[in-house]
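Quick notes on the structure that follows.
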Amino acid sequence: MTDPNFFQNSGPFNATELAQISGADIAGASKPDVLYKDVCSLDDAGQTDVSFLDNKKYKETFLTSSAGLCIVRPNILNFAPKYMTLLLTNDPYKAYARIASSFYPVKTPINSISGRSFISDSAKIGKNCTISTGVIIGKNVTIGDNCMVGGNTEIMAGSKVGESCSIGSNVSLQCCIIGKSVIIHPGVRIGQDGFGFAPGAHGHLKVPQLGRVIIGDWVEIGANTTIDRGTSPDTIIGTGTKIDNLVQIGHNVNVGEHCFIVAQVGISGSTKIGDFTMIGGQTGIAGHLKIGSSVKIAAQSGIMRDIADGETVCGTPARPMKTFMRETATLKKLAKTKG
Amino acid sequence: MTDPNFFQNSGPFNATELAQISGADIAGASKPDVLYKDVCSLDDAGQTDVSFLDNKKYKETFLTSSAGLCIVRPNILNFAPKYMTLLLTNDPYKAYARIASSFYPVKTPINSISGRSFISDSAKIGKNCTISTGVIIGKNVTIGDNCMVGGNTEIMAGSKVGESCSIGSNVSLQCCIIGKSVIIHPGVRIGQDGFGFAPGAHGHLKVPQLGRVIIGDWVEIGANTTIDRGTSPDTIIGTGTKIDNLVQIGHNVNVGEHCFIVAQVGISGSTKIGDFTMIGGQTGIAGHLKIGSSVKIAAQSGIMRDIADGETVCGTPARPMKTFMRETATLKKLAKTKG
Amino acid sequence: MTDPNFFQNSGPFNATELAQISGADIAGASKPDVLYKDVCSLDDAGQTDVSFLDNKKYKETFLTSSAGLCIVRPNILNFAPKYMTLLLTNDPYKAYARIASSFYPVKTPINSISGRSFISDSAKIGKNCTISTGVIIGKNVTIGDNCMVGGNTEIMAGSKVGESCSIGSNVSLQCCIIGKSVIIHPGVRIGQDGFGFAPGAHGHLKVPQLGRVIIGDWVEIGANTTIDRGTSPDTIIGTGTKIDNLVQIGHNVNVGEHCFIVAQVGISGSTKIGDFTMIGGQTGIAGHLKIGSSVKIAAQSGIMRDIADGETVCGTPARPMKTFMRETATLKKLAKTKG
């Protein structure tokens with residue numbers, strides 16, 4: 001059961017309501033009177049819980065699950081336990097996301113500005129914002145309506161934050177313009193100097209970093225991620241892009257819309273990335289490259305050249321997935337016969 | 001000499017006392033009247049310092065060291081400088097740890113709650129806790145006896161911290177239940193949303209993250225490490241597991257007891273790891289895997305499949321150490337002859 | 001145009017002044033009366049902007065740039081657009097750095113200690129320091145003249161900070177001695193315990209970490225980077241070394257002078273690195289190694305052996321760049337013919 005110390009349940013819902021919320025079709029056991037009280041993993045779900053199956057790895061768990069209602073693809077119908085009510089959809093994970101969001105709606109800010117926050121007289125705070133204890137908001141900062149700012153976060157002079165943003169605790173923001181409905185998790189650092197030096201035999205000369213960081217709407221940025229400001233053009237993160245924890249994004253990087261950037265990725269300065277591109281965890285991308293749209297980059301890859309739209313690449317140096325697999329198999333075979 | 005500005009010395013001790021503290025046996029030069037005043041590296045140690053040898057790389061340094069007393073394995077006895085008093089033990093590093101801990105015992109908290117901390121009325125703080133300046137403790141938080149919480153740390157609503165925990169500065173804790181004697185270093189982020197989205201052609205839908213983070217007793221968590229809360233099951237770190245700096249642990253990950261997770265490792269969502277497993281630095285582990293107990297994973301490995309108990313693996317994709325070495329050698333040879 | 005909300009322009013300058021500032025020679029179109037008002041990238045520059053060309057990737061952009069003045073190498077003179085004033089130098093990036101620093105000089109601290117900072121009575125703060133809101137400065141801390149300390153940063157007991165240092169927000173410093181003119185970006189953690197345990201079959205024994213962190217003059221440390229204190233010797237970062245974001249530096253590491261350490265590098269305990277060495281992003285270096293001076297390590301390398309002065313290495317395990325390239329090519333060929 002979801003822990004009520006942390007999450008407030010807005011249920012229950014019956015199957016008809018859940019079908020409406022999720023856009024899925026009811027099938028399987030008909031139990032119109034049952035009220036479903038919570039969402040739960042297949043392992044732990046009981047008769048009044050909603051669960052989902054979207055990864056064939058968990059099919060065995062599904063077959064013995066006690067979940068009262070389960071969201072599945074249509075082709076699962078014939079295999080499902082007879083006691084289970086089903087919601088059929090081609091995208092069970094999305095349907096689950098909608099249902100879980102109905103049980104546990106996102107907390108909206110309450111109008112509350114801590115007397116122990118420190119807000120510059122010239123800053124403009126929108127309506128209905130929650131500003132926590134220890135928050136520091138600098139000169140000429142603008143914050144839109146319905147924002148939440150977590151404890152001990154600092155937003156430095158001149159930065160702009162759009163409406164409905166949620167900013168975690170212990171965050172540092174400077175030289176940035178942030179869209180609406182952006183989620184910034186704790187410990188994120190945005191807008192500090194990029195790593196720019198003119199190297200020299202007697203020491204390295206610091207190059208002023210004169211750009212900003214521009215963050216589009218609906219972006220999410222994971223805990224302790226760092227995004228440096230541009231050198232002169234800006235560093236840009238496009239609308240809807242989701243960035244995981246501990247990611248490094250260098251100066252002048254331009255990430256398109258709706259990309260996924262998984263944990264611990266590093267993107268070097270001035271690289272440009274298209275839309276809907278997925279970058280696996282711990283991947284490193286060199287500077288001054290053009291990575292296309294809808295590119296898929298496997299985890300731990302090392303990207304040293306431009307990548308065209310739609311390519312799937314893997315390894316260091318990154319190559320097409322097929323080539324990588326064949327090379328790995330070839331080396332294995334050779335090592336056995338000649339090693 | 002250990003810097004007295006930072007560390008308070010509880011010595012001196014004579015050789016008999018040090019033998020008792022460490023469980024090692026006295027050998028070598030007999031100097032019953034000498035009082036040993038500090039611990040020190042082999043390089044810098046003098047006649048009243050205690051040092052140790054546990055890595056054959058440092059044998060040369062040992063042979064010319066001026067250390068008055070040295071903790072070594074029994075087989076070193078014949079090589080040791082004649083002027084040196086020895087403590088013989090099969091585990092010199094553990095003996096050193098005990099002796100160093102006697103010279104410099106862990107600081108215990110003093111009963112002190114800063115007037116500039118911000119503690120919710122409904123929070124419960126145990127006896128003899130040190131709560132520093134700028135700390136924020138939310139509604140219904142419970143903190144056990146003898147805890148220390150560093151400056152500007154936020155512990156959000158409902159979280160529980162067991163007794164004798166030490167939490168550093170600028171930490172963010174939410175949705176978590178933490179055991180006793182846990183050490184959390186500065187900048188750690190625990191309990192924020194995992195990276196969960198139902199992808200879509202017009203944007204990605206956020207999946208509510210409804211689990212918690214459960215941390216066992218005696219766990220240590222390094223600076224700026226991030227541990228996301230579960231999606232619906234919990235994210236779990238077992239008793240005695242030690243996690244280094246800048247590690248990323250995804251939602252629903254379940255780490256067993258007494259593991260070592262070295263710096264910058266990333267563990268993807270829903271992966272399960274056994275007990276006493278060692279994961280080398282910068283290793284990446286894919287999601288939904290089962291890694292056994294007493295597994296050894298070399299640094300920078302990429303784990304894409306389940307690993308059985310006791311295996312030692314290496315490389316990307318990870319393979320047994322022997323195979324990795326043979327493949328590396330084969331490629332080297334082939335490149336020379338055919339390149 | 002550089003955003004005046006964030007950066008204050010000290011221009012304009014004419015070509016003669018810019019030549020003096022940069023040490024470069026005027027050539028190309030003669031426009032002695034033009035006042036240059038800003039620096040800008042080649043893409044966006046207009047007739048009163050200064051830009052530079054130092055990467056042949058951007059030659060096409062240069063040829064169609066509207067920049068009024070451009071800093072280039074002498075061999076570019078013949079290709080340059082006729083309307084452009086040029087500054088000729090063998091090091092355009094360094095000349096640009098000087099000019100950009102003249103347009104936008106580093107902000108100097110103002111004498112201002114926030115009434116909402118928390119400074120121990122025994123701490124000594126130099127002249128003309130800016131100490132922001134929420135800063136905590138512990139017992140016997142010493143801070144030199146002309147320092148800036150960002151919001152909600154904690155500097156713990158006994159630490160020393162030299163003159164003219166700039167420390168960002170949400171930083172945690174302990175057990176450290178920091179030189180002059182050091183820049184520490186937000187979220188940096190310095191001086192926490194290293195990852196030291198004597199492993200055991202029933203749990204791992206913590207080894208006291210009794211050293212310090214010593215940071216030389218002119219060092220720069222990127223956001224969310226972690227530097228552990230030594231075990232007994234100190235962890236040392238030499239004068240002029242530049243460290244990027246999210247880097248991990250283990251206990252007892254000794255980095256020489258004027259090194260570059262790019263983002264997400266991890267350096268394991270007790271490794272010693274020479275001067276002017278460059279370490280590419282995401283590289284991992286094992287413990288107890290000796291890496292020479294003027295070494296170049298490619299991004300994502302894995303270093304498991306000592307490296308001599310002046311070597312250029314690549315890959316995991318790291319090998320000379322030439323060997324790496326040949327091995328990669330050999331495997332590619334073999335996979336095609338035998339796969």
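The sequence lines fix the lettering, A, B, ..., with proteins before strands; numbering per chain opens at 1.
Per-residue counts of heavy-atom pairs under 4.5 Å with chain C were compared for B/I243, B/V106, B/T316, B/T239; the largest is that of B/I243. The residue among C/M156, C/E327, C/M304 with the most heavy atom pairs within less than 4.5 Å of chain B is C/E327. Note on B/K94, B/R116, B/K57: by heavy-atom pairs under 4.5 Å with chain C, the leading option is B/R116. Between chain B and the residues C/P208, C/G187, C/G158, the most heavy-atom pairs under 4.5 angstrom are made by C/P208. In terms of non-hydrogen atom pairs under 4.5 Å with chain C, the most contact-rich of B/F276, B/F6, B/F324 is B/F6. Heavy-atom pairs under 4.5 Å with chain C peak, among B/G280, B/G151, B/G240, at B/G151.
Of the atoms belonging to C/S169, not a single heavy atom falls under 4.5 Å from chain B. No part of C/T133 comes within reach of chain B, as not one of its non-hydrogen atoms sits under 4.5 angstrom from that chain. When heavy atoms are compared at a cutoff of 4.5 Å, B/L42 does not approach chain C at all. Only the side chain of B/Y58 comes within less than 4.5 Å of a heavy atom of chain C; its backbone N, CA, C and O stay farther away. C/S159 touches chain B through backbone and side chain together, each having a heavy atom under 4.5 Å away. Only the backbone of C/T153 comes within contact range of chain B, with at least one heavy atom under 4.5 Å from a heavy atom of that chain. The contact between C/A201 and chain B is made entirely by backbone atoms, counting heavy-atom distances below 4.5 Å. For a residue to count as touching a neighbouring chain, one of its non-hydrogen atoms must lie under 4.5 Å from one of that chain's; by this rule B/N55 touches chain C with the side chain only. For a residue to count as touching a neighbouring chain, one of its non-hydrogen atoms must lie under 4.5 Å from one of that chain's; by this rule C/I136 touches chain B with the side chain only. Contacts of C/A329 with chain B are absent, with no heavy-atom separation under 4.5 Å from either backbone or side chain. Neither the backbone nor the side chain of B/A299 comes within less than 4.5 Å of any heavy atom in chain C. B/D54 does not touch chain C: none of its heavy atoms, backbone or side chain, sits under 4.5 Å away.
Closest of all the heavy-atom pairs between C/F195 and B/I261 is CZ-O, 3.8 Å. Looking at every heavy atom in both residues, C/H204 comes nearest to B/K242 through O-CE, 3.9 Å. Taking every heavy atom of both residues into account, C/L331 and B/L331 meet most closely at CB-CD1, 3.9 Å. The shortest non-hydrogen separation linking C/V207 to B/A97 is CG2-CB, 3.7 Å. Between C/P199 and B/D91, the shortest heavy-atom distance links the atoms O-OD2, 4.1 Å. The shortest heavy-atom contact between C/N224 and B/N224 is O-ND2, 3.0 Å.
Within 6.0 Å of the NZ atom in B/K37, the count of heavy atoms belonging to other residues, nucleotides or ligands does not exceed 12.
Side chain of B/Q264 to backbone of C/V265: a donor-acceptor contact under 3.5 angstrom is found. Under the 3.5 Å distance criterion, the side-chain polar atoms of C/N170 are left unmatched by any main-chain donor or acceptor of B/N170. Not one N or O on the side chain of B/Q300 forms a donor-acceptor pair closer than 3.5 Å with the backbone of C/I303. A donor-acceptor pair under 3.5 Å is formed between the side chain of B/N152 and the backbone N or O of C/G134.
Ring geometry for B/F260 against C/F197 counts as tilted: the plane angle lies between 30° and 60°, on a 0 to 90° scale.
Between B/N5 and C/N140 there is no side-chain heavy-atom pair separated by less than 4.5 Å. At least one side-chain heavy atom of C/C175 sits less than 4.5 Å from a side-chain heavy atom of B/F7. B/D244 places a side-chain heavy atom less than 4.5 Å from the side chain of C/D228. Looking at C/Q174 and B/P186, their side chains come closer than 4.5 Å, going by heavy atoms from C-beta outward. By the 4.5 Å heavy-atom criterion applied to side chains, C/P317 and B/T328 are counted as neighbours.
Here salt bridge (Lys or Arg N to Asp or Glu O under 4.0 Å) pairs that include residues 189-212 of chain C, with residues two or more places apart or in two chains, are B/D3-C/R212, B/E220-C/K206, C/D193-C/K206, C/D193-C/R229, C/R212-C/D234.
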